[in-house]
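Comments concern the structure below.
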Amino acid sequence: MSESTAAETERATLDGDENGRTRLFDGEPKTIQLTLGAGESIPAHKHPGRDIVFFLRSGTVDLTLGDETLSLSPGDVVRFDGDQDISPAAAADSEALLVLAASSE
């Protein structure tokens, strides 16, 4: 999915696979393309020790973070702490780009 050049620059395409989650690069920070069909969701889970950036490329997603739910539209970007429960639910076919980086705290 990604390729490296001599200068250690990596380039990837956002062509997803059939499982809905595609790791774009090896190593850190962890970078994932998430594809959810309308009505699909991911059960509440955590990414301890991570700061997460969630960029919604297309569709509509209700992103539950702990006790709060954010309704996201294309172009919305959310940054949050991975130590809390996280659960995205797609109201329409959706694609998001997530970057999970080691927490600075």
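The shortest distance between side-chain heavy atoms of S94 and L56 falls below 4.5 Å. With contacts defined as side-chain heavy-atom distances shorter than 4.5 Å, the pair F54/L63 qualifies. Counting heavy atoms from C-beta outward, D51 and R79 have side chains that approach closer than 4.5 Å. Residues V77 and V53 form a side-chain contact, since some pair of their non-hydrogen atoms from C-beta on lies under 4.5 Å apart. The closest side-chain heavy-atom distance from R50 to S103 is not below 4.5 Å.
Distance alone, capped at 3.5 Å, is enough to place a donor-acceptor pair between the T31 side chain and the P29 backbone.
Across all their heavy atoms, A90 and L36 have their closest contact at CB-CB, 3.7 Å.
The list of ring-ring contact (aromatic ring centres under 6.0 Å, His included) pairs with a residue in residues 74-94, not counting sequence neighbours, is empty.
In this structure, CD1 in I52 is found 7.0 Å from CG in L98, a value given to the nearest 0.5 Å. Between the OG1 atom in T35 and the CZ atom in R57 there is a gap of 8.5 Å [rounded to 0.5 Å]. With rounding to the nearest 0.5 angstrom, the CD atom of E28 is 8.5 Å from the CG atom of L100.
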Using residues 40-48 as the side-chain source, report each donor-acceptor pair under 3.5 Å to any protein atom, sequence neighbours left out, with the distance given to one decimal.
from, atom 1, to, atom 2, distance (Å)
E40, OE1, G37, N, 2.4
H45, ND1, P43, O, 2.9
H45, ND1, I86, O, 3.1
H45, NE2, H47, NE2, 3.1

Side-chain donor-acceptor distances from residues 67-76 under 3.5 Å, at least two apart:
from, atom 1, to, atom 2, distance (Å)
T69, OG1, T64, OG1, 3.0
S71, OG, D62, OD1, 2.9
D76, OD2, S73, N, 2.8

Determine, step by step, whether L65 and V78 satisfy the side-chain contact (heavy atoms from CB on, under 4.5 Å) criterion, reporting the C-alpha distance in whole Å, the side-chain angles of both residues, the deciding distance to 0.1 Å, and the verdict.
CA-CA 11 Å; L65 303 170; V78 180; 4.2 Å; yes

